[in-house]
Every structure is written in structure tokens, then in C-alpha cells.
**Student:** 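Submitted below is the structure of interest, expressed as C-alpha cells.
Starting from 1, each residue takes its place in the sequence as its number. Heavy atoms only: backbone and side chains are in, while hydrogens, waters and symmetry mates are out.
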Amino acid sequence: HVQLVESGGGSVQAGGSLRLSCAASGYTASTYFVAWFRQPPGKEREGVAVIHSQGHYTRYADSVRGRFTLSQDDAKSTVYLQTNSLKPEDTGMYYCAAGHTAVVAGFPPNPGDYAYWGQGTQVTVS
């Protein structure tokens, strides 16, 4: 039973930083991609970053590249999204999701390829 739990969201001023965490359980990390999606108010969900531990694979959306950084702590089964230089347009609900390597097809991540989702953590930038 795969479970993902996000944390670390909050309210910050423009230019600030947050570290989002996605604690995972119930799956073998080497066989899954983990993606971060966000959903701004009134807009569609968009994929912002993807990581896979094998091959040190990371990908970022153009809108966050250079500001957001993925990392992974295998011992804690946790994926982190360090968000720096935050902008008001980064505001939204942030979700992490896990998709099996046999299903996920590249970047940008397709939400339909990711079978497991966390409950989300809110990021508000003013």
C-alpha cells in the first residue's frame, strides 16, 4: 500500500524559500518516479519537477529551473523540493506523486501516469 505525505508548505514573501517534503512508504523507490505537481488557484495542475533515484534523473519545468531543486534521502524514503526565489506565481497546492517506471513517459509529467498521490501542501507567496 503506497502512501505519500507532503509537508513543508506555508506562506512566504516573494524571494523567500520553502523546503517541501514527500515522505513515501509501501513501494520500492528504484521502480518509481516521484514527481511534484502544483495547482494554482483556478488553474489546471502542472508538473514542475521529476526525480528518479537510479541514474540520478531529475527534470524541471522551465518556470522553476534554477530556483527549485530536487533531492532524495533514501534512508528516510523522502523526496525534497527546495524552492528558492519564490514568486507570487508559484502560489498553489503542491502535490507529490509516484509513478511506476514502466508507465511514466518522460517530461513534462502526465498526471495520468502517476498512480499514487499525496494530500498536498499549500504554498502561498505574496
Side-chain angles (χ1 to χ4, degrees):
H1 179 60
V2 177
Q3 285 190 312
L4 303 172
V5 179
E6 302 98 331
S7 60
S11 296
V12 298
Q13 292 188 335
S17 299
L18 289 170
R19 189 175 78 157
L20 308 184
S21 300
C22 174
S25 61
Y27 74 107
T28 302
S30 62
T31 59
Y32 280 83
F33 287 89
V34 174
W36 283 93
F37 293 83
R38 67 184 180 189
Q39 188 161 18
K43 296 185 178 180
E44 293 186 354
R45 192 171 298 187
E46 61 174 340
V48 296
V50 176
I51 187 169
H52 190 283
S53 60
Q54 285 194 334
H56 307 287
Y57 174 99
T58 56
R59 292 292 185 273
Y60 301 93
D62 290 344
S63 58
V64 305
R65 188 177 297 114
R67 299 188 299 120
F68 290 12
T69 303
L70 286 160
S71 61
Q72 188 165 325
D73 184 333
D74 291 336
K76 296 182 179 180
S77 298
T78 300
V79 171
Y80 302 100
L81 183 66
Q82 178 68 42
T83 66
N84 297 330
S85 303
L86 284 163
K87 305 175 182 180
E89 52 263 43
D90 293 319
T91 293
M93 185 69 79
Y94 282 67
Y95 300 90
C96 69
H100 198 277
T101 53
V103 176
V104 170
F107 194 89
N110 178 357
D113 291 343
Y114 290 78
Y116 304 103
W117 292 78
Q119 81 289 350
T121 187
Q122 178 68 36
V123 171
T124 303
V125 186
S126 59

**Student:** Roughly how far apart are Thr124 OG1 and Leu86 CG, rounded to 0.5 Å?
**Tutor:**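 Spacing of OG1 (Thr124) from CG (Leu86) equals 10.5 Å.
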**Student:** Side-chain contact, heavy-atom cut-off 4.5 Å: Pro109 with Arg59?
**Tutor:**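 The answer is no; the side chains never approach within 4.5 Å.
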**Student:** Looking at Lys87 and Asp90, is any side-chain nitrogen of the basic one under 4.0 Å from a carboxylate oxygen of the acidic one?
**Tutor:**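 No, no charged N to carboxylate O under 4.0 Å.
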**Student:** When rounded to the nearest 0.5 angstrom, what distance separates CG in Leu18 from OG in Ser11?
**Tutor:**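 Spacing of CG (Leu18) from OG (Ser11) equals 8.5 Å.
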**Student:** Quick one: does His52's side chain have a donor or acceptor within less than 3.5 Å of a partner on Ser30's backbone?
**Tutor:**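 Yes: the side chain of His52 pairs with the backbone of Ser30.
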**Student:** Write down the atom of Lys76, the atom of Thr78, and the distance for their closest heavy-atom approach.
**Tutor:**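 That closest heavy-atom pairing would be O-OG1, 2.9 Å.
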**Student:** Per the ring-ring contact (aromatic ring centres under 6.0 Å, His included) rule, what does the pair list look like for residues 64-96, sequence neighbours excluded?
**Tutor:**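 ring-ring contact (aromatic ring centres under 6.0 Å, His included) check on residues 64-96 returns no pairs.
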**Student:** For side chain to side chain contact (heavy atoms under 4.5 Å, CB included), just list the numbers for Arg38 and Leu81, CA-CA rounded to whole Å, side-chain angles, deciding distance to a tenth of an Å, and then say yes or no.
**Tutor:** CA-CA 12 Å; Arg38 67 184 180 189; Leu81 183 66; over 6 Å; no
**Student:** Identify the two heavy atoms, one from Met93 and one from Gly120, that lie closest to each other, and give their separation to 0.1 Å.
**Tutor:**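 Scanning both residues completely, I find the closest heavy atoms to be SD-C, 3.7 Å.
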**Student:** Applying the 4.5 Å side-chain criterion to the ILVMFWY set and letting contacts propagate, would Leu20 and Val34 be lumped into a single cluster?
**Tutor:**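 Yes; Val34 is reachable from Leu20 via cluster members.
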**Student:** Heavy-atom count around Glu89 CD within 6.0 Å, excluding the residue itself: above 12?
**Tutor:**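 For Glu89, atom CD is crowded (more than 12 foreign heavy atoms under 6.0 Å).
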**Student:** Please report the shortest heavy-atom distance between Ala14 and Pro88, naming the atom on each side.
**Tutor:**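 For Ala14 and Pro88, the tightest heavy-atom pair comes out as CB-CD, 4.2 Å.
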**Student:** Does a side-chain heavy-atom distance below 4.5 Å link Val123 with Thr83?
**Tutor:**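 Side-chain contact under 4.5 Å: no.
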**Student:** Show the nearest heavy-atom pair for residues Glu46 and Pro40, with the distance to one decimal.
**Tutor:**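 Minimum heavy-atom separation between Glu46 and Pro40: OE2-CG, 4.3 Å.
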**Student:** Taking all atoms of both residues into account, what is the closest heavy-atom pair of Gln119 and Val5, and its distance?
**Tutor:**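 Scanning both residues, the minimum pair turns out to be OE1-CA, 3.8 Å.
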**Student:** Side chain to side chain contact (heavy atoms under 4.5 Å, CB included) between Gln122 and Thr91: does it pass, once the steps are laid out?
**Tutor:** CA-CA 8 Å; Gln122 178 68 36; Thr91 293; 4.1 Å; yes
**Student:** Using every non-hydrogen atom in the two residues, find where Ala35 and Val50 come nearest and quote the distance to one decimal.
**Tutor:**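 Between these two residues, the closest heavy atoms are CB-CG2, 3.8 Å.
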**Student:** Among pairs that include at least one residue of residues 100-126, which meet ring-ring contact (aromatic ring centres under 6.0 Å, His included), considering only residues two or more places apart or in two chains?
**Tutor:**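 For residues 100-126, and leaving out neighbouring residues, the ring-ring contact (aromatic ring centres under 6.0 Å, His included) pairs sorted by first residue read Tyr32-His100, Phe37-Tyr114, Phe37-Trp117.
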**Student:** Check whether Glu6 reaches the backbone of Thr121 with its side chain - one donor and one acceptor, N or O, closer than 3.5 Å.
**Tutor:**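 It does not hold such a pair.
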**Student:** Decide whether Tyr57 and Val79 are clustered together by the hydrophobic rule: side chain heavy atoms of Ile, Leu, Val, Met, Phe, Trp, Tyr closer than 4.5 Å, transitively.
**Tutor:**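 No, because Tyr57 and Val79 fall into different hydrophobic clusters, even though each may have its own neighbours under 4.5 Å.
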**Student:** Quick one: pull up CG in Leu70 and OH in Tyr60 and give me the separation to the nearest 0.5 Å.
**Tutor:**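 One gets 4.0 Å once the value is rounded to the nearest 0.5 Å.
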**Student:** Going from CZ on Arg19 to OG on Ser71, what distance comes out if it is rounded to the nearest 0.5 angstrom?
**Tutor:**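 One finds 6.5 Å between CZ of Arg19 and OG of Ser71.
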